[in-house]
Amino acid sequence: MCKDFLRFSIFKVQHIRIYRIQNNRDMNYQNIRQAQKRFYHSGATRSIAFRKEQLKSLKNLIQSNEELFYDAIYKDFRKSRFETYTNELSIIYAEIDYYLKNLKRIAKPKRVRTNLTNIPGQSYIYHDPLGTVLIIGAWNYPYQLTLTPLVSAIAGGNTAIIKPSELPMHTMYLMEKLINTNFPKEYLHVVTGAIPETTALLALAYDKIFFTGSPKVGKIVYEAAAKQLCPVTLELGGKSPAILTPSANLKVAIKRLVWGKFLNAGQTCIAPDYLYVHESIKTNVLQIIKEILEKIPYNHGADHYVSIIDQRNYNRLEKMMNADKVYYKNGEHNPEKLHFAPTIMSDVTWDDTVMQDEIFGPILPVLTYNDFRQVLETINDKEKPLSAYLFSNDAKEKDAFLNILSFGGGCINDTIMHVASEYLPFGGVGNSGTGNYHGEAGFRCFTHQKSVLKKANWGEPNLKYPPYTENKLKWIKKVL
């Protein structure tokens, strides 16, 4: 009985302690949310001058601490300075520069035509900030996929709570330190932690949630947002196809394909997930892929090749492999160093394990086809991908690719580079996401289009007012 009482007492103390921790954390998040709401309603964020000043401050903060950004991400998964700048920081800088140059123009109320019914009057579209937003970033490009939507939120005139991914721990804590030290929490605030912290944040009400991650977690975010009737932008993923036809310039096409696939060790949401090649060029294509990979040292320690983010993801990739279908492997895998060598699989079908889910790693399955239209129909039967890529110089193939396939965005005769343009909206469709951002699309993402009719005080017809008569109805039918 004493043992039972002691066991119960220990459980009770632990339960109270956990409850207090959770309760204090939740209250802290609620307090920050309320502080941001009050700051937003003060009107401080509405000024274009204020928004541009904050964008300049964010850019200066990143630039003056670039060495810290390089060091943190290298510790997390060995990303080089070159790739950190080109694939992360430069995109953030370009987004900021776009808004500094164009914000006044795109935020200006837009006058539109007034229909006959509302004459005399003038019609306008105003771009209202949404309010306080929650931004949940992803681990594979922790700076770009956390701070780029933040840039758009700032440009839109919002306050923001930012939750970076916890997997790249050093980058998460760096963003927390720099942002929370240099911006007031009632304006911008970074929250660190993992699932419990994210769950607590999702329990609060926001004016917008922006999430980047997997479709599985995206559904959880969507469900939480629905309880608050909160609008969401979901940047998810999927199995993005690449198709290589006989009309393509093979050497150029494959060089671009290999770069796009193995960038960031394949841990890219818009990486080519698998490759369809025409049966007649399969042997040649595989040989060229092998030759290109052999010229690039993808061994562990190479500056241009990152590690897999953690052991769980490494093990996941191992389970996708079928040794009997490995055509070529550029080096050896090293689970202790989380080094997964670029691997090409051949003679793959949709029944293989590697084709069941998004790979999100350096494995390239190669499938063959004979009928181009049939390939497009096969892809259309699957979930809509975030990206799609076609390598072809045939006009009819290009037209069919664009008109038949549904995908978030993509390239013809290249991979991934569409994401680098602030003039192209970036986002998914269907299972690969909802909504988009980058450039003006990012501004639209974090603002509401408020329609306003400014009516004159003269020329008021009596047609719309009771009593309603047949004669009035005849005139209404002529006008409407």
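The figures here come from the full heavy-atom set of this structure, side chains too, leaving out hydrogens, waters and symmetry mates.
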(message) Can you tell me how far apart CG (Leu147) and CD1 (Ile135) are? Round to the nearest 0.5 Å.
(response) 8.5 Å
(message) Is the shortest side-chain heavy-atom distance between Leu376 and Ile243 below 4.5 Å?
(response) yes
(message) For Phe183 and Tyr187, take the angle between the two ring planes, folded into 0 to 90°, and tell me which bin it lands in: parallel under 30, tilted 30 to 60, perpendicular over 60.
(response) tilted
(request) I would like to know whether Asp128 and His448 meet side chain to side chain donor-acceptor pair (under 3.5 Å); could you show each step before the answer? (result) CA-CA 5 Å; Asp128 259 11; His448 165 66; over 6 Å; no
(request) Identify the two heavy atoms, one from Met320 and one from Asp357, that lie closest to each other, and give their separation to 0.1 Å. (result) CE-O, 4.4 Å
(request) Kindly write out the residues that satisfy side-chain contact (heavy atoms from CB on, under 4.5 Å) with Thr181, not counting sequence neighbours, or none if the list is empty. (result) Lys177
(request) Could you name each residue pair satisfying salt bridge (Lys or Arg N to Asp or Glu O under 4.0 Å) that touches residues 416-445, not counting sequence neighbours? (result) Glu440-Arg444
(message) Closer than 4.0 angstrom, basic N to acidic O: yes or no for Asp394 and Lys398?
(response) no
(message) With no hydrogens and no angle check, just 3.5 Å: does a side-chain donor-acceptor pair link Ser392 and Glu397?
(response) yes
(message) Looking only at the aromatic ring of each residue, does the gap between the centers of Tyr222 and Phe211 stay below 6.0 angstrom?
(response) no
(message) With side chain to side chain contact (heavy atoms under 4.5 Å, CB included) as the test, pick out the partner of Phe50 among Glu53, Arg46, Gln54, Lys52.
(response) Gln54
(message) Tell me if the aromatic rings of Phe360 and Trp139 count as close, with their centers under 6.0 Å from one another.
(response) yes
(request) With Lys454 as the cation and Tyr124 as the aromatic partner, state whether NZ or CZ is under 6.0 Å from the six-membered ring centre and within 45° of the axis. (result) yes
(message) Measuring only between side-chain heavy atoms, which start at C-beta, is Asn158 closer than 4.5 Å to Ile154?
(response) no
(message) I need the minimum non-hydrogen distance between Asp207 and Arg33, along with the two atoms involved.
(response) OD2-NH2, 4.1 Å
(message) For Glu358, is there any backbone N or O sitting under 3.5 Å from a side-chain donor or acceptor partner on Asp273?
(response) no
(request) Quick one: list whatever passes side-chain contact (heavy atoms from CB on, under 4.5 Å) with Asn87, sequence neighbours left out. (result) Glu83, Tyr141, Leu263
(request) Would you confirm whether the ring centroid of Phe401 sits within less than 6.0 angstrom of the ring centroid of Phe407? (result) yes
(message) Please give me the minimum heavy-atom distance between Ala271 and Ser240, naming the atom from each residue.
(response) O-CB, 3.6 Å
(message) Taking side-chain contact (heavy atoms from CB on, under 4.5 Å) as the definition, give me every residue that meets it alongside Tyr93, ordered by chain and number, with sequence neighbours left out.
(response) Lys59, Ile62, Gln63, Glu66, Tyr85, Leu89
(request) Measure centre to centre between the rings of Phe443 and Tyr99, then say whether the value is under 6.0 Å. (result) no
(message) For Glu383, is there any backbone N or O sitting under 3.5 Å from a side-chain donor or acceptor partner on Asn431?
(response) no
Residues 110-120, side-chain donor-acceptor partners within the protein, below 3.5 Å, at least two apart:
from, atom 1, to, atom 2, distance (Å)
Thr114, OG1, Gly121, O, 3.4
Thr114, OG1, Ser123, N, 3.2
Thr114, OG1, Ser123, OG, 3.0
Asn115, OD1, Asn118, ND2, 2.9

(request) Taking atom types as modelled, find out whether Glu460 and Tyr465 have a side-chain donor-acceptor pair closer than 3.5 angstrom. (result) yes
(request) Would you kindly check if the NZ (Lys) or CZ (Arg) of Lys208 is within the cone defined by 45 degrees around the ring axis of Phe446 and under 6.0 Å from the six-membered ring centre? (result) yes
(request) May I ask you to check whether Thr84 and Tyr74 show a side-chain donor-acceptor distance below 3.5 Å? (result) no
(request) Test the Lys478-Trp475 pair against the cation-pi criterion, namely NZ or CZ under 6.0 angstrom from the six-membered ring centroid and within 45° of the ring axis. (result) yes
(request) May I ask you to test the Asn436-Thr233 pair for a side-chain heavy-atom distance under 4.5 Å? (result) no
Residues 100-108, side-chain donor-acceptor partners within the protein, below 3.5 Å, at least two apart:
from, atom 1, to, atom 2, distance (Å)
Asn102, OD1, Arg105, NH2, 3.2
Asn102, ND2, Tyr98, O, 2.9

(message) When you compare the side chain of Tyr173 with that of Thr192, does any pair of heavy atoms fall below 4.5 Å?
(response) yes
(request) Could you label the plane-to-plane angle of the His438 and Phe426 rings as parallel, tilted or perpendicular, counting under 30° as parallel and over 60° as perpendicular? (result) parallel
(request) Run the numbers on Lys79 and Asn264 for side chain to side chain donor-acceptor pair (under 3.5 Å), then give the verdict. (result) CA-CA 8 Å; Lys79 184 174 286 193; Asn264 210 44; 3.2 Å; yes
